[in-house]
Amino acid sequence: MSSRRILVTAALPYANGNIHIGHLVEYLQTDIWVRFQKLRGHECRYFCADDTHGTAIMIRARQEGRSEEELIADMREAHVRDFARFDIEFDNYGSTNSDENRQLCEQIWKSIRDANLVKEKEIEQLFDPEAGTFLADRFVKGTCPKCGAENQYGDNCDKCGSTYSPADLIDPKSALSGATPELRTARHLFIELEQHHEFLNEWTQSGKHLQPEIANYLKGHFLGEELRDWDISRPAPYFGFEIPDAPGNYWYVWYDAPIGYIASTWEWCKKNQVELDDWWRNDETEIHHFIGKDITYFHTLFWPAMLKTAGLALPDRIHIHGFLTVDGEKMSKTKGTFIQASTYAEHLDPNYFRYFVASKLSSRVDDIDLNFDEFKTKVDSDLVGKVVNIASRCAKFVSGSTLSEEYPDDEGLFQLASDAGSRIAEHYEKCEYSSAIREIMVLADRANQYIENKEPWVVRKDKDRQAELQQICTVGLNLFRQIVIYLAPVLPKLASETEKLLNFEIKNWDESASPLVGTPVGKFQHMMTRVDPKKVEQMIEESKDAASVESAPASNFNDGPEALEKEPMTEEHCTIDDFLKVDMRVARVIEAGHVEGADKLLQLKLSLGGDETRNVFAGIKSCYNPEDLVGRLVVCCANLKPRKMRFGVSEGMVLACGPGGKDIFLLNPDDGAVPGMRVH
RNA sequence: GGGGCUGUAGCUCAAUCGGUUAGAGCAGCGGACUCAUAAUCCGUUGGUUGUGGGUUCGAGUCCCGCCGGCCCUACCA
């Protein structure tokens, strides 16, 4: 097989946050693929970098009272440490805030200008006069113009779901300074993507570069109509690179981020005395990007258009993966499933996660789910019970001795496994890791069966059969070694421990096809332990704590979790139909009085307007005087089945909240509501 | 509202181009073994492929409707 030159990237993590287990899926998917390619003898390089620019970084640095450079330096250190703990090995890890990146941004910009793709447009945007900066939509909060809900973001309302422009908000406030933003106009630079429409149509639909579902998505979504201009500049102040021919304007972070792939490559080239053009202007180089589905847009439309304009090599393949869910749901800070990479690594072996992710990943865009029961089962039974067990059952019988000088008859098992090697390789190549893993586990099953049938523990007892014992173990350990080579991209630690045990070095995938003979066998040491469910629990607990500490200062309202803890949320959903069964109405209290003989109850007469009234007994005596209630509006359930009580029939229920005793709070409709209105 | 993806055993997933009786692993059940980290091995239960139609000699696979799930979008991407 001829050696390929392969350039691989994973998306650049944003310097505003720590690496969490969701991110890891991508870096692991990529790392496994790169390790696989290297093991196959190809010239493969893995480049990544921190994505450091943008408003969010600028604002955070300001809040923390330090420079952006200090902030991104710290975050970079944290990122690099997290990756290392998970054995994610980059050939170069750069930064988008580098000289290389600035130069490349300028070069590419020049090509884009020369190609006449840039135009200027005035746009209106909210400006924070105190902070002296334009505000992205999510930095503006105010009252929803449609439904009146307070404290909503500038782009849409979570209460009523309507969308609007931040300028439509009632009483808008800057989330930065609390000042009232002004509407200002600014000139922005745009790239006319439409000029590349035909090229993008062809490139995305060729079937060579994208998964089919992604190609369809683009076709149905963007390519069916005129491509919109891409707003590529941001006025000062902005943390990023200033556009040389438009002073006071900076490149939008999504312009320089992907260029960071090239910048990181360049840094590596400089360190290794290699020409950048050999990698980015060379048809012989394969370029592979691994990204998450959330940033499809940038990598499948803008990025190819930019590269083409600049005369750089286009990616051969963009591998797009789904998100990681935990227990079938989005990762949640309150549930403790928003787990930082560092928190994970403090409690659990990163190899577990590498294996688990590999066993779930395919080439499709589907989300993958982490369920800790499944996680434990998979790691325990596959890795400990099956794979490592093979070595564990054989090694001690030949420890201190050697493998047989000649590879013994093994009923064709070694050959079978080496035939499987090409299929497994193909699965890795196509990013079908789950299939690769499944196939490898079949080999582990067969090896265990072999040992079972040969009963080395019986043979051992017979002095005349020691050569046979050595042969059995030679076969067992060679089958183990094959499996470890196949798993090496996923489990590099297991590979290196096996190298020590069997005194050899894994250099190439093809070594799996020839057996190891005559070499010394070391002392077997446990290579992996079972997943400790207590550690999983601790990790989740710690993730909860970390999340609450982190999120507390972020919110302007320091509402504690006590109420929810006292009365946890109902797990089960109700349907809209269920909800509609409950007919809740605004009502006016027209009579209220004590109930003789009752400790907690007040008797209320509610008017729903007109002649419609309800007699209701409410357990609110401890908190309300009857005379204070008369005349006020309440919310009641008007179709509650009438219930006979000791003191009379209750025909409804008044809505109130609170734990009881001295703390009961009636719900109160806002001004304007009148009796009889239904609550929706 | 528009679009994409998806639904196979209790759970996680296979099933080539439409081709025989829809297969694995885990869990469950019954046995064996005791070398191995309560590991392993043998056997076994389990499916009207979400649902209703259609095309076909033949449909898990292709087409249409319905139901459910996930996601993107709804004029900043």
Side-chain angles (χ1 to χ4, degrees), chain A residues 123-126 134-138 154-156 161-166 188 190 193 211-222 224-232 234 252-254 292-299 301-302 322-323 325 328-330 356 359-362 364-371 373-398 432 434-435 437-439 441-442 444-461 469 472-473 476 524-531 575:
Chain A
I123 64 163
E124 286 192 326
Q125 213 180 345
L126 288 180
F134 282 93
L135 296 164
D137 294 355
R138 68 201 157 102
D155 48 356
N156 65 71
S162 58
T163 55
Y164 40 77
S165 124
H188 280 222
F190 289 77
L193 197 60
Q211 288 126 301
E213 58 263 55
I214 298 294
N216 288 340
Y217 159 73
L218 295 172
K219 191 175 167 187
H221 246 275
F222 300 101
E225 50 194 85
E226 191 174 306
L227 293 164
R228 277 182 231 139
D229 298 335
W230 185 30
D231 181 356
I232 202 171
R234 294 292 182 271
Y252 175 48
V253 56
W254 265 109
K293 63 184 179 183
D294 51 328
I295 52 175
T296 297
Y297 181 85
F298 298 101
H299 284 80
L301 299 175
F302 294 121
F323 297 143
T325 58
E329 294 177 26
K330 270 190 186 164
F356 183 80
S359 77
K360 301 287 276 188
L361 276 174
S362 73
R364 305 213 296 190
V365 192
D366 301 348
D367 291 349
I368 66 169
D369 187 50
L370 168 61
N371 167 295
D373 290 333
E374 191 194 351
F375 175 82
K376 175 172 170 50
T377 303
K378 232 171 191 145
V379 170
D380 287 359
S381 72
D382 287 3
L383 291 183
V384 183
K386 286 181 182 176
V387 175
V388 173
N389 190 40
I390 301 165
S392 180
R393 317 176 73 171
C394 294
K396 70 180 258 192
F397 297 138
V398 285
E432 296 287 357
S434 62
S435 303
I437 296 293
R438 207 176 310 119
E439 191 124 10
M441 286 309 130
V442 171
D445 285 340
R446 278 209 285 259
N448 274 306
Q449 285 161 25
Y450 171 84
I451 297 164
E452 194 79 15
N453 295 334
K454 295 294 177 185
E455 301 183 308
W457 54 94
V458 175
V459 176
R460 176 183 63 145
K461 290 176 187 154
L469 177 66
I472 294 166
C473 294
F524 177 78
Q525 286 177 327
H526 281 187
M527 292 169 160
M528 211 172 272
T529 55
R530 274 151 214 288
V531 176
T575 64

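Being a predicted model, the structure only gives us computed values, none of them experimental. Numbers restart at 1 for each chain; the letters A, B, ... are given by sequence-line order, proteins then strands.
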Task: For atom CG of A:Asp366 and atom P of B:rC5, their distance in whole Å - done: 11 Å
Task: C1'-based separation of B:rG31 from B:rU48 [nearest Å] - done: 33 Å
- [ ] Apply side-chain contact (heavy atoms from CB on, under 4.5 Å) to A:Glu455 and list each qualifying residue two or more places apart in sequence or on a separate chain.
- [x] A:Trp457, A:Val458
Open item on the list: Before we go on, tell me: are the rings of A:Trp254 and A:Phe302 under 6.0 Å apart, centre to centre?
Closed with: no
- [ ] List for me each residue that meets side-chain contact (heavy atoms from CB on, under 4.5 Å) alongside A:Phe323, sequence neighbours excluded, and say none if there are none.
- [x] A:Lys293, A:Asp294, A:Asp367
Open item on the list: Restricting to side-chain contact (heavy atoms from CB on, under 4.5 Å), what partner residues turn up for A:Ala447, sequence neighbours left out?
Closed with: A:Ile390, A:Leu479
TODO: For RNA chain B, write out the stems as range with range, using runs of 3 or more consecutive Watson-Crick or G-U pairs with both distances under 3.5 Å.
DONE: B:1-7 with B:67-73, B:10-13 with B:23-26, B:28-32 with B:40-44, B:50-54 with B:62-66
Task: Whole angstrom value for the distance that separates P of B:rC13 from CG of A:Asp369 - done: 8 Å
Task: Non-neighbouring partners of A:Arg446 that pass side-chain contact (heavy atoms from CB on, under 4.5 Å), sequence neighbours left out - done: A:Leu413, A:Leu416, A:Val442, A:Leu443, A:Gln449
Task: Spacing of the P atoms in B:rA9 and B:rA36 (rounded, Å) - done: 39 Å
Open item on the list: Return a single string for nucleotides 24-31 of chain B, one symbol per nucleotide in 5' to 3' order, where B is base contact, S is sugar-phosphate-only contact and - is none, cutoff 4.0 angstrom on heavy atoms.
Closed with: -SS-----
TODO: In whole angstrom, give me the gap between the C1' atoms of B:rC29 and B:rG46.
DONE: 11 Å
